[in-house]
Structures are given as C-alpha cells and as structure tokens.
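First up is the structure itself, then whatever we jot down about it.
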Amino acid sequence: MHRTKQIIAVTAVVLLMGFLLAQPIKGLVNEDKSTADAAGAGAANTVNFELVSQQAKRGLNASIIQEISDLESKLADASGTAKLDLLEQLAAKWDDVNESAPLGFVYEEMAKIDPQFSYWLKAGDAYRAAYTNLQDTVTARALNDYAINAYEQALEINSADLDAKTGLGSAYVSGTNNPMAGIALLQEVVKADPDHVGANKSLGLFSMQSRQFDRAIDRFKKVVALQPDAESYFYLATSYENIGLNREAVAAFEKSRDLAADPTLTQFINRKIDELSK
C-alpha cells in the first residue's frame with residue numbers, strides 16, 4: 001500500500017509540475033483581500049465531510065464503497081468511545097484508498113471527541129495532502145483553511161512541535177494573504193532543526209514557485225541527502241533544468257525514475273532525458 005501511494009504521489013507531481021510553476025505564491029502578487037475572504041468563506045460553507053466523501057467514493061470498487069458507507073451510517077447513532085472506534089476504522093479505510101480529504105475530516109472529528117495532539121496533526125496533514133494536488137481552487141481553499149485550523153489546534157496542545165509548525169507555515173503560504181508569516185514559520189523550523197525534511201521540502205517548493213531555482217536546489221539537495229525519494233529528486237531535477245544545468249538534471253531525473261519504478265513516470269522522464277541530452 002505504501003508503494004502504491006508513492007506511485008500515485010509521484011504521478012501527480014508529473015501532471016502538476018507545470019501548473020505549480022505557473023502559479024505565483026499566493027499573496028506575493030496583488031489580490032483583492034475582500035474578494036479572497038469572501039471566496040474563502042463561501043468555500044468553507046460548501047466543502048464538508050459529506051461532499052468530499054461522495055467525491056472520493058467515485059471510482060472506488062463497490063465493496064469498498066459499501067464498507068465505508070456502512071461505517072458512516074453507524075456514526076449517526078454512536079457516541080464516546082464507540083464513535084471513536086468507528087472513526088478509527090473509517091480513517092483506516094480512507095487511508096487505504098489514499099483519499100486524504102475525507103481522512104482529514106475523520107481525524108478532525110476524532111480530535112473533537114478526544115483532543116489529542118496526534119489527531120489534530122494528522123487532520124492537518126491529511127487536509128494539506130488533499131489540497132496540494134488539487135486544481136479545484138474553491139475546494140483547495142476550503143481544505144487549506146481546515147488545515148490551518150487543525151495545525152493551530154495542534155500547536156495549542158504542543159507549541160514547540162516542528163511538524164505542526166511546518167504544516168501551518170506551508171498552509172499559510174499556500175492559501176492566505178500573509179505568505180511571509182508562513183515562510184517565517186518554516187525558517188524558524190529549519191533554524192531549530194536544519195535537517196527537518198518537511199520544512200526544507202516546503203521551502204524548496206516555494207522557492208520553485210517564486211522561480212528562485214538556486215535556492216530550491218540547495219533545499220532539495222539537503223532533502224535527498226537526508227531522505228531520498230522519487231518526488232524530491234523530481235523537484236531537484238526540474239530546478240536544475242530551469243537554470244540550464246542539464247547534466248545534473250538528467251542525473252536527478254534518473255534517480256527519481258529508479259526510486260519510483262512507475263511506468264508513467266518512467267515514460268515522462270525518459271522523454272525529458274532525451275530532450276536534455278541533445
């Protein structure tokens with residue numbers, strides 16, 4: 001299952017890289033705040049667990065849909081520890097099929113019953129995973145808001161946790177009019193722990209979006225030295241490519257291809273390597 005999730009994630013990276021680089025970091029360009037706030041409020045009112053559950057069930061096989069629906073129907077009459085047990089089972093189901101949006105809502109509901117730091121952190125991480133690869137801007141904005149709330153709740157319980165600070169900083173940059181507050185949080189994390197993989201990866205991605213590819217390269221070189229994965233090598237290769245370091249880009253693309261072992265990614269990277277080797 002972990003391997004399947006990695007392949008899905010890397011394939012999404014390939015499909016969305018062009019979209020990512022075409023978007024300025026929100027708030028670093030002029031935007032009408034009242035319009036943005038109104039859009040955010042509307043999104044929060046329409047994007048809820050029922051909606052994302054219905055959307056996530058599309059494409060699943062009938063037996064999985066039935067198992068998930070049965071658990072959801074039992075929640076209406078459950079409370080306390082019995083409800084928490086059902087939610088844990090439901091979280092496992094959504095996690096198994098790699099559907100992060102409903103997973104976020106499930107963890108948030110668990111946190112409301114039993115306000116543990118880990119539940120709020122998992123909710124924030126799930127919401128963030130859901131909106132990161134989403135081109136539906138209305139839903140993405142709402143999930144970003146949910147992520148911010150979850151991370152803030154987690155930090156109220158443990159204000160020193162670097163993973164929660166990383167998540168909150170990334171969410172601020174992605175979906176608010178105050179991205180520099182998010183960058184400051186991420187820099188606070190890497191100051192406390194220079195080898196924090198999540199914060200370095202987020203700073204690398206935001207450097208790419210602002211087309212500061214030299215900085216992105218530094219971040220992703222650190223990430224792959226600490227925790228090599230196909231996605232980070234792909235970002236490193238793309239950053240090299242954008243400043244004309246084709247030999248280095250080819251080497252990083254090859255690492256990404258070898259680590260992912262995904263046919264879709266292999267075809268894409270082989271084409272890139274051919275282009276860069278001419």
Side-chain angles (χ1 to χ4, degrees), residues 5 9 37 39-58 60 64-65 67-134 136-176 181-182 185 198 202:
K5 290 180 181 180
D37 289 346
N45 290 332
T46 58
V47 178
N48 52 38
F49 175 68
E50 183 178 1
L51 174 67
V52 299
S53 175
Q54 290 174 352
Q55 292 175 337
K57 287 173 185 173
R58 295 170 189 166
L60 298 179
I64 295 295
I65 293 173
E67 290 173 9
I68 290 172
S69 297
D70 287 346
L71 286 170
E72 290 175 343
S73 65
K74 292 176 182 178
L75 287 172
D77 298 322
S79 61
T81 56
K83 186 173 185 178
L84 193 60
D85 180 63
L86 288 171
L87 288 166
E88 287 176 347
Q89 295 178 54
L90 188 57
K93 294 293 183 184
W94 284 124
D95 189 44
D96 284 345
V97 295
N98 201 44
E99 289 292 346
S100 298
L103 181 61
F105 281 98
V106 173
Y107 277 128
E108 179 167 337
E109 189 63 27
M110 293 169 70
K112 289 176 180 177
I113 296 171
D114 182 8
Q116 293 184 24
F117 168 84
S118 62
Y119 290 155
W120 282 118
L121 180 63
K122 288 178 180 179
D125 287 346
Y127 286 135
R128 187 167 150 235
Y131 73 68
T132 296
N133 291 333
L134 195 64
D136 176 347
T137 55
V138 172
T139 302
R141 186 181 182 90
L143 293 174
N144 194 98
D145 289 344
Y146 284 123
I148 288 173
N149 175 66
Y151 287 128
E152 288 177 340
Q153 295 291 337
L155 286 167
E156 283 189 15
I157 298 171
N158 183 357
S159 62
D161 187 81
L162 298 183
D163 292 336
K165 285 185 179 181
T166 296
L168 182 59
S170 299
Y172 276 161
V173 177
S174 298
T176 74
L185 267 175
S202 291

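Throughout, residue positions are numbered sequentially from 1 according to the sequence presented.
- Panel note: side chain Ser69, backbone Ile65; a donor-acceptor pair is recorded below 3.5 Å.
- For Glu99, the side-chain contact (heavy atoms from CB on, under 4.5 Å) criterion is met by Ala56, Trp94, Val97, Pro102, not counting sequence neighbours.
- In this view, Lys122 satisfies the salt bridge (charged side-chain N to carboxylate O under 4.0 Å, His left out) rule with no residue, not counting sequence neighbours.
- The shortest distance between side-chain heavy atoms of Val106 and Tyr119 does not fall below 4.5 Å.
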message: Would Leu84 and Glu109 count as a side chain to side chain contact (heavy atoms under 4.5 Å, CB included) here? Give the steps.
response: CA-CA 9 Å; Leu84 193 60; Glu109 189 63 27; over 6 Å; no

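- Listed here is the closest heavy atom pair of Trp120 and Ala111: CE2-CB, 3.4 Å.
- Side-chain contact between Gln153 and Phe117: absent, with no pair of heavy atoms (C-beta onward) separated by less than 4.5 Å.
- Residues forming a side-chain contact (heavy atoms from CB on, under 4.5 Å) with Leu75 (at least two apart in sequence, or on another chain): Lys83, Leu86, Leu87, Leu90.
- Screening Leu162, Leu155, Leu168, Thr166 for a side-chain contact (heavy atoms from CB on, under 4.5 Å) involving Leu185 leaves a single residue, Leu168.
- A search for side-chain hydrogen bond (donor to acceptor under 3.5 Å, both in side chains) contacts involving Gln89 returns Asp85, not counting sequence neighbours.
- Taking CD1 of Ile68 as the start and CG of Asp96 as the end, the distance is 9.0 Å to the nearest 0.5 Å.
- Within 6.0 Å of the CD atom in Glu50, the count of heavy atoms belonging to other residues, nucleotides or ligands does not exceed 12.
- When only modelled atom types and interatomic distance are considered, Gln116 and Asp114 share a side-chain donor-acceptor pair under 3.5 Å.
- Asp136 pairs by the side-chain hydrogen bond (donor to acceptor under 3.5 Å, both in side chains) definition with Thr139, not counting sequence neighbours.
- Taking both residues in full, the closest heavy atoms of Leu143 and Ala101 are given as CD1-CB, 4.2 Å, listed atom of the first, atom of the second, then distance.
- Here Leu71 contributes atom CG and Glu88 contributes atom CD; the two are 12.0 Å apart, rounded to the nearest 0.5 Å.
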- request: Report the C-alpha separation of Leu103 and Asn98 in whole Å, then their side-chain angles, then the decisive distance to 0.1 Å, and conclude whether the side chain to side chain contact (heavy atoms under 4.5 Å, CB included) test is met.
  value: CA-CA 9 Å; Leu103 181 61; Asn98 201 44; over 6 Å; no

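- Taking the salt bridge (charged side-chain N to carboxylate O under 4.0 Å, His left out) definition, one finds that Lys74 meets it with nothing, sequence neighbours left out.
- The closest side-chain donor-acceptor pair between Thr176 and Arg141, if any, does not fall under 3.5 angstrom.
- In terms of the side-chain contact (heavy atoms from CB on, under 4.5 Å) criterion, residue partners of Ala129 (sequence neighbours excluded) are, by chain and number, Ser100.
- Every residue two or more places apart in sequence or in another chain was checked for a side-chain contact (heavy atoms from CB on, under 4.5 Å) with Ala82, and none qualifies.
- With sequence neighbours left out, Tyr151 forms a ring-ring contact (aromatic ring centres under 6.0 Å, His included) with no residue at all.
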task: Please test Ile64 against Glu67 for side chain to side chain contact (heavy atoms under 4.5 Å, CB included), starting from the C-alpha separation and ending with a verdict.
output: CA-CA 5 Å; Ile64 295 295; Glu67 290 173 9; 3.9 Å; yes

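- For Tyr107, the side-chain hydrogen bond (donor to acceptor under 3.5 Å, both in side chains) criterion is met by no residue, not counting sequence neighbours.
- Applying the ring-ring contact (aromatic ring centres under 6.0 Å, His included) test to Phe105 and every residue at least two apart in sequence or in another chain returns Tyr127, Tyr146.
- Applying the salt bridge (Lys or Arg N to Asp or Glu O under 4.0 Å) definition to pairs two or more places apart or across chains, those involving residues 152-175 are Lys165-Glu188.
- Ser174 contributes a side-chain N or O that, together with a main-chain N or O of Ser170, makes up a donor-acceptor pair within less than 3.5 Å.
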task: Would you please test Glu72 and Phe49 for side chain to side chain contact (heavy atoms under 4.5 Å, CB included) and show each step?
output: CA-CA 11 Å; Glu72 290 175 343; Phe49 175 68; 3.3 Å; yes

